[in-house]
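Quick notes on the structure that follows.
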Number of protein chains: 2
Amino acid sequence: MEPIILEIFGDIAFTKNELQSISDALKKIELKKGEFLLTEGAEVNSTHYIHDGCLQTYYIDYSGKEHTLQFAIKGWWISDYIALYGKEKSKSVSFIECIKDATLFKISKKDYDNLCNEIPKINRFYIHKLESAFAAFQKRILENLTLSAKERYINFINTYPDIERNVKNYHIASFLGITTESLSRIRKEIATQ
Amino acid sequence: MEPIILEIFGDIAFTKNELQSISDALKKIELKKGEFLLTEGAEVNSTHYIHDGCLQTYYIDYSGKEHTLQFAIKGWWISDYIALYGKEKSKSVSFIECIKDATLFKISKKDYDNLCNEIPKINRFYIHKLESAFAAFQKRILENLTLSAKERYINFINTYPDIERNVKNYHIASFLGITTESLSRIRKEIATQ
DNA sequence: TCATTTTCTTATCATACATCAATTTTTCTA
DNA sequence: TAGAAAAATTGATGTATGATAAGAAAATGA
């Protein structure tokens with residue numbers, strides 16, 4: 001278990017006891033492509049570290065369209081954060097689907113909170129992760145406000161080349177907030193210039 | 001100073017020593033409408049609690065258009081979080097302008113970190129704030145992906161009636177990602193139905 | 001309170017992106 | 001590796017919102 005813990009928490013030096021507590025809190029999950037980590041309406045009380053594979057958090061609107069909030073690959077964390085951290089607690093508004101066979105490590109919010117209280121190194125790690133994620137999502141809002149679909153696409157493939165390799169174009173379209181047809185036209189435009 | 005500290009930290013019970021540490025970290029700032037708390041390119045190393053008034057974080061794009069990331073009124077915190085928490089640290093990408101005479105309390109990130117390390121109650125408070133803010137901004141991304149301009153406007157005035165009272169319609173338009181003319185049409189449509 | 005500035009509205013026209021409907025290309029699987 | 005399914009592309013057309021320009025209404029401040 002130790003190498004995984006070091007991978008998850010960025011090579012923090014832990015004591016034997018700390019390693020044990022962390023190990024107790026983590027649960028390994030294996031998912032096949034097409035399986036769900038979470039479905040709409042389910043209770044949300046945990047977050048998940050991706051060791052391998054690719055997952056997608058998406059919302060389905062009244063007309064059946066998918067809207068992607070997040071992709072996650074090796075090194076990322078995934079959950080329904082609107083439910084996990086929001087006011088109307090605990091019921092998921094989204095689906096989290098495995099889109100490439102994956103191995104993850106699940107930790108409940110409660111266990112994570114306890115680890116933060118017991119182990120200051122974990123507390124700092126968690127705050128740092130939260131802060132970075134917050135900045136990244138603020139940036140995304142700003143980009144959605146300021147950039148055209150074409151600019152957002154170019155931005156996406158430059159910023160997340162590893163994700164591009166793992167997802168379909170229609171996934172990217174739903175992340176960018178455009179249709180798959182529009183993305184196709186944008187791609188053609190980029191290719192022929 | 002004590003009543004302000006209780007206001008800022010949601011009535012947490014602090015010891016005399018704790019109150020002193022917190023008090024030392026907070027700096028009162030008064031701003032008149034039109035003054036800036038932050039301008040693009042400035043160093044960012046603090047966040048600010050709004051005791052009174054209203055402020056706006058916005059980005060100006062290449063064509064001179066304003067794009068609003070955040071409003072803040074009494075009880076909210078404001079900063080350039082992309083700079084404060086992001087990877088390309090410390091230089092502001094945004095402006096923070098006072099749009100209604102305001103009183104705020106500034107705390108540096110460093111002092112806040114120290115308070116978190118010294119006072120577990122503050123640490124928990126900070127994490128909780130971060131988590132809630134993260135959820136709120138995720139929700140905003142989802143709404144931008146799924147809702148029409150009209151729906152986003154209705155949503156905004158229902159969710160933030162206190163902010164609506166403090167800002168101009170062109171501010172709201174720049175928050176929603178539409179032009180002031182479009183917002184005007186939407187308002188007319190809503191009024192005549 | 002009046003004059004000036006700021007904000008909001010209205011109209012016309014332009015455009016980015018959506019929708020619908022095929023068709024082609026790629027990927028999967030038996 | 002053939003056949004089926006999934007994904008991507010293309011074309012024609014529609015629509016929400018943008019751009020520009022002008023005027024009306026509201027807010028400000030001397």
Side-chain angles (χ1 to χ4, degrees), chain A residues 32-35 53-54 56 58-68 71 97-101 143-157 163-193, chain B residues 32-35 53-54 56 58-68 71 97-101 143-157 163-193:
Chain A
K32 291 276 173 203
K33 179 175 173 177
E35 292 181 334
C54 184
Q56 174 201 21
Y58 61 90
Y59 171 83
I60 297 188
D61 70 21
Y62 68 98
S63 76
K65 248 176 293 171
E66 282 184 19
H67 302 274
T68 297
F71 296 114
E97 184 176 339
C98 175
I99 56 180
K100 194 144 221 172
D101 292 5
E143 285 167 2
N144 284 168
L145 288 175
T146 53
L147 303 181
S148 68
K150 182 177 172 183
E151 291 169 316
R152 297 203 302 281
Y153 174 65
I154 292 171
N155 214 60
F156 178 85
I157 58 179
I163 290 179
E164 194 205 356
R165 256 174 257 123
N166 283 288
V167 305
K168 300 290 177 188
N169 284 336
Y170 69 83
H171 288 133
I172 297 178
S174 99
F175 180 91
L176 298 175
I178 59 177
T179 59
T180 166
E181 293 92 337
S182 289
L183 178 54
S184 182
R185 282 182 204 108
I186 287 168
R187 285 162 50 77
K188 187 181 181 183
E189 212 186 311
I190 291 171
T192 62
Q193 85 185 357
Chain B
K32 290 276 173 206
K33 179 176 171 176
E35 292 180 335
C54 185
Q56 175 201 19
Y58 60 90
Y59 171 84
I60 297 188
D61 70 21
Y62 68 100
S63 76
K65 248 174 293 172
E66 282 184 19
H67 302 274
T68 297
F71 296 114
E97 184 175 343
C98 176
I99 56 180
K100 194 145 222 173
D101 291 6
E143 285 167 4
N144 284 167
L145 288 175
T146 53
L147 303 181
S148 68
K150 183 178 173 183
E151 291 168 316
R152 296 203 303 279
Y153 175 65
I154 292 171
N155 212 61
F156 179 85
I157 57 180
I163 290 178
E164 195 205 356
R165 256 173 257 125
N166 283 287
V167 304
K168 301 290 178 189
N169 284 337
Y170 69 83
H171 288 134
I172 298 178
S174 99
F175 179 91
L176 298 175
I178 59 178
T179 60
T180 167
E181 293 90 343
S182 288
L183 178 55
S184 185
R185 275 181 224 116
I186 287 168
R187 284 162 51 77
K188 186 183 183 183
E189 212 186 311
I190 291 171
T192 62
Q193 83 186 359

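Excluded from the calculations below are hydrogen atoms, water molecules and symmetry mates; all remaining heavy atoms, backbone and side chain alike, are included. Labels below follow one simple rule: chain letters A, B, ... track the order of the sequence lines, proteins then strands, and each chain is numbered from 1.
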Handout entry: Atom-pair distance (NZ on A:K32; P on C:dT29), nearest Å
Key = 12 Å
Problem - Interatomic distance, A:I190 CD1 vs D:dA8 P [rounded to whole Å] - result: 15 Å
Exercise for the section: Using five base pairs at each end, measure the axis-to-axis angle across the helix from C:dT1-D:dA30 to C:dA30-D:dT1 and round it to 10 degrees. Expected result: 60°
Exercise for the section: Would you check if A:S184 and A:N169 make a side-chain contact, meaning some heavy-atom pair closer than 4.5 Å? Expected result: no
Fill in the blank from the handout: Between B:I154 and B:I190 the two heavy atoms that sit nearest each other are CG1-CD1, 3.7 Å
Handout entry: Minimal non-hydrogen separation, A:S174 against A:E66, with atom names
Key = CB-O, 3.4 Å
N/O contacts under 3.5 Å, protein versus nucleotides 10-17 of chain D?
residue: D:dG11; atom: N7; partner: A:R185; partner atom: NH2; Å: 3.3
residue: D:dG11; atom: O6; partner: A:R185; partner atom: NH2; Å: 2.7
residue: D:dA12; atom: N6; partner: A:R185; partner atom: NH2; Å: 3.2
residue: D:dT17; atom: OP1; partner: B:A149; partner atom: N; Å: 2.9

Handout entry: A:V167 vs A:T68 side-chain heavy atoms within contact, under 4.5 Å
Key = no
Exercise for the section: Take atom NZ of A:K168 and atom P of D:dA5, then tell me their distance rounded to the nearest Å. Expected result: 17 Å
Problem - Side chain proximity check, A:I163 to A:F175, heavy atoms < 4.5 angstrom - result: no
Exercise for the section: Look at the rings of B:F71 and B:H171 and say which category their plane angle falls in: under 30° parallel, 30 to 60° tilted, over 60° perpendicular. Expected result: perpendicular
Completion exercise
Exactly one candidate in B:H67, B:K65, B:E97 meets side-chain hydrogen bond (donor to acceptor under 3.5 Å, both in side chains) with B:Y58; the answer is B:E97
Exercise for the section: Give the C-alpha distance, both sets of side-chain angles, the deciding distance and a yes or no for side-chain contact (heavy atoms from CB on, under 4.5 Å) between A:E151 and A:N155. Expected result: CA-CA 6 Å; A:E151 291 169 316; A:N155 214 60; over 6 Å; no
Exercise for the section: To the nearest 0.5 Å, tell me how far A:T146 OG1 sits from B:I60 CD1. Expected result: 12.5 Å
Handout entry: B:E189 CD to C:dT10 P, straight-line distance once rounded to whole Å
Key = 12 Å
Exercise for the section: Whole angstrom is fine here: how far is it from CZ in B:R187 over to P in D:dA25? Expected result: 15 Å
Problem - B:N169 vs C:dT7: side-chain N/O to OP1/OP2 distance below 4.0 Å - result: no
Practice task
Could you tell me the separation between the OH atom of B:Y170 and the P atom of D:dG18, rounded to a whole number of Å?
Solution key: 18 Å
Fill in the blank from the handout: In whole angstroms, the gap separating C1' of C:dC17 from OH of A:Y153 amounts to 17 Å
Fill in the blank from the handout: Whole-Å distance, B:D61 CG to D:dG18 P, equals 13 Å
